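Computed from a predicted structure; not experimentally measured. Heavy-atom basis, side chains included; hydrogens, waters and symmetry copies ignored. Note that ligands are numbered from 1 as they come in the structure, with each ligand's atoms numbered from 1 the same way.
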Amino acid sequence: MALPEFKKVFAHEVPVIDLSVLKSGDPAVYRDIAHRIAEASHTMGFFYVVNHGMPASRIDAMFDVARRFFALPLEEKMAIRLALSDKYRGYLPFKMMGADPSLKGNLHEAFQIHTELPPDHPAVLAGKPLHGANQWPASLPELKVAMLDYFRDMSALSQTFLRMFAVGLDLPPDSFTRYFQCPMMQLRIMHYPPQEPTESGDHLGTRPHTDSGAFTFLAQDEVGGLEILSPAGDWITVPPLRGSFVMNIGEMMKIWTDGMYAATPHRVINRYGLERYSMPFFATPDFDAVITPLLSNPDREKAAEMPRFATSVAGDRPITCGEILTYLYGRIWPSTKVQRVDA
Ligand SMILES: O=C(O)CCC(=O)C(=O)O
Ligand SMILES: [Fe+2]
């Protein structure tokens, strides 16, 4: 019995996009960066971004408050658990399952928020699924302040990237931003205890999956544990690079680009003997956005060869973001209706 095989790589084997050059304001430089992002999104579906404008000290401060949250007594975390919310917001305990019995429980605990909407927001008044307020821990008010600030700034950075993703495909710059008017953005903080090499590998920190939204910005601490399925078919590490975001393409961007951008499978195995913390921000469009190809990929068959996971979306008919999310969230996460802990 052993954990699954993997291949250790150096940080530079995953493309690094440095945004500091955008300060010049030169349109040619902007187009060049957009095309490099497009290239990385096409070949790997994963890349690091550095000098993105979010100071490393702010990311460190987020990890600090995240550690304090996970160190709270279990009863306090359970008082705001996902199973009390019909909007998939709150605390997710270890190995907690949704409705899909074929999945294995993950060896992480998490806390997650979506866009915070007041009770008098039109979408909330209309009873629109997944729209509303977040749950917050009573004894750690700093968490709410820090996460909402970070959420706002990451939403702004997402707009910058939406435009670059469009320009990189030679599409009009607002081709994606128009789907992000009241978007279903999500921010999670996650905690992964270390795993022994002799474990069976039945349960992993995060089981193999693809992300469902448009794209993800991941901040990871210095421990490591993220692994991605390389184009050559190896599970390779994505080592921590302080102050960077690891960015990856999700299912919705894959559909928009007709598979031109790769929604690359990834997983987390904390093989490193220390507690690991990470913080993904999922840039996800409006609930009613129809997700359908905006261009035609000449290499569509190749894109279809990637292995499929519970999170894969067929993309063979027009489907809304809300349909994708409600179907997926119901299978992977507990709700007021379904609560189950894996053995
Ligand atoms: O914790 C990580 O590094 C990645 C988490 C992840 O892939 C996810 O939540 O979708
Ligand atoms: Fe992911």
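Remark: side-chain polar atoms of D211 are not paired, donor with acceptor, to backbone N or O of G213 under 3.5 angstrom. In this structure, the side chain of T216 does not engage the main chain of L218 through any donor-acceptor pair within 3.5 Å. Judged purely by atom type and a 3.5 angstrom limit, T264 uses its side chain to pair as donor or acceptor with the backbone of M44.
Protein residues having a heavy atom under 4.0 Å from any atom of ligand 1 are R188, M190, Y192, H209, D211, L218, H266, V268, R276, S278, P280, F282, listed by chain and number.
Counting heavy-atom neighbours within 6.0 Å of E142 CD, excluding the residue itself, gives a total above 12. Under a cut-off of 6.0 angstrom, the local environment of OH in Y327 is sparse, with at most 12 non-hydrogen atoms contributed by other residues, nucleotides or ligands.
For the atom pair NE2 (H42) and CD1 (I37), the distance works out to 15.5 Å, reported to the nearest 0.5 Å.
Under 2.8 Å from the Fe ion (ligand 2), one finds the following protein N/O/S atoms: H209 NE2, D211 OD1, H266 NE2.
Under the 4.0 Å criterion applied to side-chain N and carboxylate O atoms, R58 and D149 are not assigned as salt-bridge partners. Electrostatic pairing of D342 and K104 does not count as a salt bridge here, judged by no charged N lying under 4.0 Å from a carboxylate O.
The aromatic ring centroids of F165 and W256 lie 6.0 Å or more from each other.
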